[in-house]
Amino acid sequence: MSPARGTRTRKPSATSTPAKKAPTSKQSTTSELPDDRPGIGHKVNLLEAMTRIRRFEERCVELYSAAKIRGFVHLYIGEEAVAVGVSEALTPEDAVVSTYREHGHALARGIPAEAVMAEMYGRTTGCSGGRGGSMHLFDASRRFYGGNAIVAGGLPLAAGLALADRMRARPRVTCCFFGDGAFAEGEFHETANLAALWGLPLLLVCENNLYAMGTAIERHEAQTDLAMRAASYGMVAWAVDGMDVEAVEQAARRAAESIRAGAGPHFLELRTYRFRAHSMYDPDRYRDKEEVEQWKNRDPITRLVDRMRENDELGDKELARIEQQVTDEIDRAVETAEQAPEEPAENLLRHVTSAPVEVN
Amino acid sequence: MGATGQPQEPKTTYREAMREALREALRSDDRVFLMGEDVGRYGGCFGVSLGLLEEFGPERVRDTPLSESAFVGAGIGAALAGMRPIVEIMTVNFSLLALDQILNNAATLLHMSGGQLPVPLVIRMTTGAGRQLAAQHSHSLEGWYAHIPGIRVLAPATIEDARHMLAPALADRDPVLIFEHGSLYNASGELPPPTAPVDLEHAAIRRPGTDISLITYGGSLPKALAAADELAAEGISADVIDLRTLRPLDDAAITGSVARTHRVVVIDEAWRTGSLAAEVSARIAEESFYDLDAPVERVCSAEVPIPYARRLEEAALPQTADIVAAAHRVVE
Ligand SMILES: Cc1ncc(C[n+]2csc(CCOP(=O)(O)OP(=O)(O)O)c2C)c(N)n1
């Protein structure tokens, strides 16, 4: 974690040399009993949460190929440490605003895989009643405010959620996820200015995966040091290794605590990478395989597994248990989505306004 | 005291009526706050919120930076989190910088979320021409907003509506846009005590008549009423309909008036092409075709960015004489 000093001009891609893959020779030494050494349960939870997102999306690829789910589907594979690490720092009272690449955020926020999958299927039981699909997941009960497919469109809204909390003196944090692409939009800068000016309890989480669709960050930002730019608005800004879930969590916790203590908006630039194409429609011609492979060496899930194994914190059995549990969960989600009813066409005009049906 | 010796209601301006509505809203519900450029210290760029900062403080009468998108979006977020924000945008021309937030968030969140996220937000802005402010301050784009499902669009044309539409707008669970025509702020008159709660569903018959329907809203209402006076002097009785709510439109009021008069002029300060007048005309063609004794006429702005020079601006806008002339064409 490096506080922005306003002097760094290095490109994140240059600073983020992929780490050597840690050796995995060590075999399981853990017993059948759950490991109750302090902190290990928590790491297992982090691992499980990341695995859930990974497997969920791998299943989405299959379902998409089978034409079971449609539309724009943006996968988060490779970026799981961001959603999981940040979500760990939030309480149920906090709010989350997300983008169209939000499966990971939604699952990490605790929206059941069943509700997310049903939404992908466009079913009544989906978390948006079948009206949102992959890009518009919502869950009011978990204060998950979507699901915004306009780049940077969620930022002003997040400022408003935070403003309401400030006006009501509620010690809550609003967390807004967005990509590096959002930096080129006026809405980011308007929101950063407003949030810093008003000292809003806002956690701005920039997932810098180095690309906005096919445009590399060097080609869409005049200044690629994003944390430094955010800091120029007068807010605390840190650049963090987004491939290390524990580093992400630690930074997010510090930021959230500071926000709750009244220090105003904080900005995290999480340096990460998406292993897959931008969306299911993208032939991914703008970056070379070598670069992708290099980043895959820093896979956040493998990295955590390796680290835990090195410290004797994770055995084969536990790993298998996690895989099994997650697989079962997703199987169930697909099964229930398949069987869930479709919203009848007579309900087309529901939810346009709060009145039963708009009479116009 | 009036000439008859009866006590008279004191005169109120449209501006004061709007201010009083805001004051009442801020007083009666502590979730309500007003936010926008220069609404506080300056008193609102049209003076509507003058004095409210002193009364309610800077938290609730909140000056914003010049960031239409951010503060409109912040209004949406605050509404989601239980507040009842009133967001003021200086003019509809600048609202285009917030169009993304209004259309892609405020109007769609309820639907996209499957009914989970209503946005109880009021956005006020001025609209219209007539003060020689040239193109970038003079357009009438409320019809564009009336195009959008998920929001309610209001155009208070009278002092009573300026005073009494805000409360029901705030009570609405969905986003409500209020368009205040800039030329109405100085209009003054007596503000009678409210007889019934103002409803946001119905158009109003501002002057009943039998020979021709003049259908309009907002800043064109005074012109339509003046035209009705002139027509009355010639023995032509005009039914003047003030639409009041541009979305959803009060179809029954429109068809009812056409059924009484069989002749229609629609007056709309927006451009004719794709205007609200076009929508009203199309509905009359769909619903009231067999009631018509003449083709529908429209009086709209010329298809030109509104010019600065007085003579040109006047020529671009619907004027009373244009309405009278259109009425003659329809009646003859
Ligand atoms: C306002 C707007 N412009 C363009 C698009 C099309 N678009 C969708 S995703 C995307 C790239 C955004 O990249 P980034 O913000 O870095 O997020 P990432 O996809 O990398 O997570 C673009 C250009 C859009 N959705 N919204």
Side-chain angles (χ1 to χ4, degrees), chain A residues 95 97 119 124 126-133 135-141 143 145-150 152-168 170 172 174 185-187 189-195 197-198 200 343 349-355 358-360, chain B residues 30-31 33 35 59-60 62-85 87 97-98 100-101 103-121 146 149-152 172-175 201 245 247-251:
Chain A
V97 177
E119 189 58 34
T124 292
C127 63
S128 306
R131 282 155 177 89
M135 296 193 288
H136 305 296
L137 305 174
F138 295 94
D139 186 340
S141 70
R143 301 205 74 220
Y145 295 100
N148 203 310
I150 307 296
L155 281 148
L157 196 129
L161 290 161
L163 172 63
D165 289 336
R166 242 229 23 205
M167 292 181 79
R168 293 278 147 181
R170 295 183 288 229
R172 308 200 291 204
T174 296
E185 295 281 3
E187 283 189 317
H189 300 277
E190 288 190 24
T191 304
N193 179 53
L194 199 72
L197 187 69
W198 289 354
L200 300 180
E343 185 91 335
L349 296 187
R350 284 183 64 191
H351 312 313
V352 176
T353 60
S354 302
E358 191 180 39
V359 270
N360 192 30
Chain B
D30 71 355
R31 298 171 305 173
F33 68 101
M35 161 165 73
E59 279 282 294
R60 299 187 65 209
R62 186 172 276 268
D63 281 319
T64 64
L66 303 178
S67 304
E68 284 77 7
S69 192
F71 69 75
V72 170
I76 297 167
L80 287 171
M83 303 300 281
R84 290 291 179 274
V87 177
L97 281 80
D100 166 53
Q101 289 298 325
L103 171 50
N104 285 318
N105 282 337
T108 50
L109 277 170
L110 180 73
H111 187 79
M112 289 197 305
S113 67
Q116 294 178 83
L117 299 179
V119 181
L121 170 70
I151 57 181
R152 182 182 290 278
D172 198 314
R173 271 162 49 93
D174 301 316
E201 307 297 329
T245 298
R247 185 184 188 94
L249 277 172
D250 183 352
D251 283 311

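Below, chain A is the first sequence line, B the second, and so on; all start at residue 1. Only this structure's heavy atoms are used, side chains among them; waters, hydrogens and symmetry mates stay out.
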So what's closer than 4.5 Å to chain B heavy atoms on L197(A): side chain, backbone, both or neither?
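Just its side chain gets close to chain B.
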D139(A) versus chain B, heavy atoms under 4.5 Å apart: side chain, backbone, both or neither?
both
If I measure from the heavy atoms of chain A, does R31(B) come under 4.5 Å with its side chain, its backbone, both, or neither?
both
Please classify the contact of T108(B) with chain A as side chain, backbone, both or neither, using a heavy-atom distance under 4.5 Å.
neither
Applying salt bridge (Lys or Arg N to Asp or Glu O under 4.0 Å) to R84(B) and not counting sequence neighbours gives none
A side-chain contact here means heavy atoms from C-beta on lying under 4.5 Å apart; do [X] and [Y] qualify?
X	Y	answer
F138(A)	L109(B)	yes
L110(B)	V352(A)	no
P156(A)	V72(B)	no
M83(B)	R168(A)	yes
L163(A)	F33(B)	yes

So, the side chain of [X] versus the backbone of [Y]: is there a donor-acceptor pair under 3.5 Å, distance only?
X	Y	answer
H136(A)	M112(B)	no
H111(B)	R350(A)	yes
D174(B)	S354(A)	yes
Q101(B)	G153(A)	yes

What's the separation between atom NE2 in H351(A) and atom OG in S113(B), rounded to the nearest 0.5 Å?
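Separation between the atoms: 8.0 Å.
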Shortest non-hydrogen contact from [X] toward [Y]:
X	Y	value
D63(B)	W198(A)	O-CZ2, 3.4 Å
L161(A)	G77(B)	CD2-O, 3.3 Å
Q116(B)	S128(A)	NE2-CA, 4.3 Å

Just do the side-chain hydrogen bond (donor to acceptor under 3.5 Å, both in side chains) check on S69(B) and E190(A) with the steps written out, would you?
CA-CA 8 Å; S69(B) 192; E190(A) 288 190 24; 4.6 Å; no
Counterpart residues, side chain to side chain donor-acceptor pair (under 3.5 Å), relative to R60(B) (two or more places apart)
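R60(B) satisfies side chain to side chain donor-acceptor pair (under 3.5 Å) with no residue once adjacent residues are dropped.
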Pairs of heavy atoms under 4.5 Å with chain A: top-ranked of G115(B), P85(B), A70(B):
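It is A70(B).
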Residue, of L117(B), D172(B), I76(B), that accumulates the most heavy atom pairs under 4.5 Å with chain A:
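Of L117(B), D172(B), I76(B), L117(B) has the most heavy-atom pairs under 4.5 Å with chain A.
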Decide side-chain contact (heavy atoms from CB on, under 4.5 Å) for T353(A) and R152(B); before the verdict, give the C-alpha distance in whole Å, the side-chain angles of both, and the deciding distance to 0.1 Å.
CA-CA 9 Å; T353(A) 60; R152(B) 182 182 290 278; over 6 Å; no
Among T191(A), I150(A), D165(A), which residue forms the greatest number of heavy-atom pairs with chain B at distances under 4.5 Å?
I150(A)
